[in-house]
Visitor: 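Once you've had a glance at the structure underneath, I'll fire off some questions.
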Amino acid sequence: MSDPIVIERSAEDPAVQIIRFNRPEKKNAFTRDMYRTMTDALNAANSDAGIRVTVFFGTEGSFSAGNDIGDFLAAAMGGSVGLELIDFLYALVNAEKPLVSGVDGLAIGIGTTLNLHCDLTIASDRSQFRTPFVDLALVPEAGSSLIAPRIMGHQRAFAMLAAGEAFTAEDARQAGLIWKVTSPEEVEKQALAAAAKLAAKPPEALKIARDLVRGPREEVIARIDEEARHFTARLRSDEARAAFEAFMRR
Ligand code: COA
């Protein structure tokens with residue numbers, strides 16, 4: 001069986017690290033192991049001068065269907081939530097080098113909110129961004145309740161994060177969630193080209209520019225922690241268990 005997360009370097013530019021979600025049979029839903037592998041790759045990039053940019057890709061038609069609902073159900077049944085998801089979120093916030101994503105198709109839950117931590121996202125015109133947190137009796141995560149209203153305003157952030165409305169790629173571009181929309185065939189090419197351009201820039205100046213544009217990490221971390229307290233409590237609620245069971249039974 002192939003690895004559900006593949007870490008590689010761009011063939012065109014070895015300074016570009018690629019984190020590829022590779023569990024297409026489950027629409028690239030993230031398991032705890034997958035988070036762990038991604039966290040290690042993000043943290044490694046911080047201390048490896050040979051890596052200047054990290055790029056996230058999924059597979060054809062699926063960026064990610066979000067957290068594995070089977071893992072949510074296990075936690076709802078009294079199992080451990082584990083630290084893998086929160087460690088991954090911290091690693092995203094603490095990334096010291098640019099993050100680029102290339103989205104083709106489904107981007108659900110953290111498949112959407114991950115892009116709030118990316119600096120440049122290119123999505124195919126068939127992509128769909130959706131965060132059905134409340135429908136699953138959960139609450140927004142990944143600092144999205146702080147970052148999304150800032151970039152897209154209250155109403156669009158509410159429509160996405162609380163009402164669970166689907167955003168097309170064009171909606172997401174207009175909302176400032178992503179940078180560009182292109183064809184499915186072009187997504188990876190354009191994302192890698194954007195990453196290679198960043199990788200060629202003076203890294204120290206780029207790091208300072210990025211930090212200035214992103215703003216303080218502490219407030220994002222504090223919001224992630226606040227969201228996580230609610231998220232963990234909701235995960236163990238009867239209404240969440242019922243929603244996970246309904247999905248697993250389909
Ligand atoms: N967790 C676990 N398994 C998932 C999953 C998830 N988040 N998303 C999809 N899968 C699995 C399905 O159970 C199915 O597995 P099976 O073939 O063993 O039955 C497989 O991936 C394919 O999904 P399927 O639902 O058949 O494909 P689809 O194209 O009809 O629908 C989705 C795709 C993503 C719209 C649908 O699977 C879905 O709504 N998934 C849940 C998304 C979600 O709520 N994520 C959590 C956000 S917080």
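Note that ligands are numbered from 1 as they come in the structure, with each ligand's atoms numbered from 1 the same way.
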Visitor: Do any pairs count as a side chain to side chain donor-acceptor pair (under 3.5 Å) and have a residue in residues 95-111, sequence neighbours left out, and if so which ones?
Guide: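 Every side chain to side chain donor-acceptor pair (under 3.5 Å) pair that includes a residue of residues 95-111, provided the two are not neighbours, is Ser101-Asn115, Ser101-Thr121, Asp104-Ser124, Asp104-Arg126.
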Visitor: Could you go through ligand 1 and note, for every N or O atom, any protein N or O atom closer than 3.5 angstrom, writing the atom names and distance to 0.1 Å, or 'none'?
Guide:
unit_1   : atom_1 : unit_2 : atom_2 : d
ligand 1 : 1 (N)  : Ile69  : N      : 2.8
ligand 1 : 7 (N)  : Ala65  : O      : 3.2
ligand 1 : 7 (N)  : Asn67  : O      : 3.0
ligand 1 : 15 (O) : Lys26  : NZ     : 3.2
ligand 1 : 18 (O) : Lys26  : NZ     : 2.5
ligand 1 : 25 (O) : Arg250 : NH1    : 3.2
ligand 1 : 25 (O) : Arg250 : NH2    : 2.8
ligand 1 : 45 (N) : Ala65  : O      : 2.8

Visitor: Who are the side chain to side chain donor-acceptor pair (under 3.5 Å) partners of Lys201, not counting sequence neighbours?
Guide: none
Visitor: Name the residue from Leu114, Thr59, Val6 that meets the side chain to side chain contact (heavy atoms under 4.5 Å, CB included) definition with Phe21.
Guide: Leu114
Visitor: Indicate the atoms forming the closest heavy-atom contact of Pro149 with Ser144, along with that distance.
Guide: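 In terms of heavy atoms, the two residues are closest at CD-O, 3.5 Å.
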Visitor: With a 3.5 Å distance limit and no angle check, can you tell me whether Asp3 reaches the backbone of Ile5 through a side-chain donor-acceptor pair?
Guide: no
Visitor: Test: side chain to side chain donor-acceptor pair (under 3.5 Å). Region: residues 38-52. Which pairs qualify, not counting sequence neighbours?
Guide: Arg9-Asp48
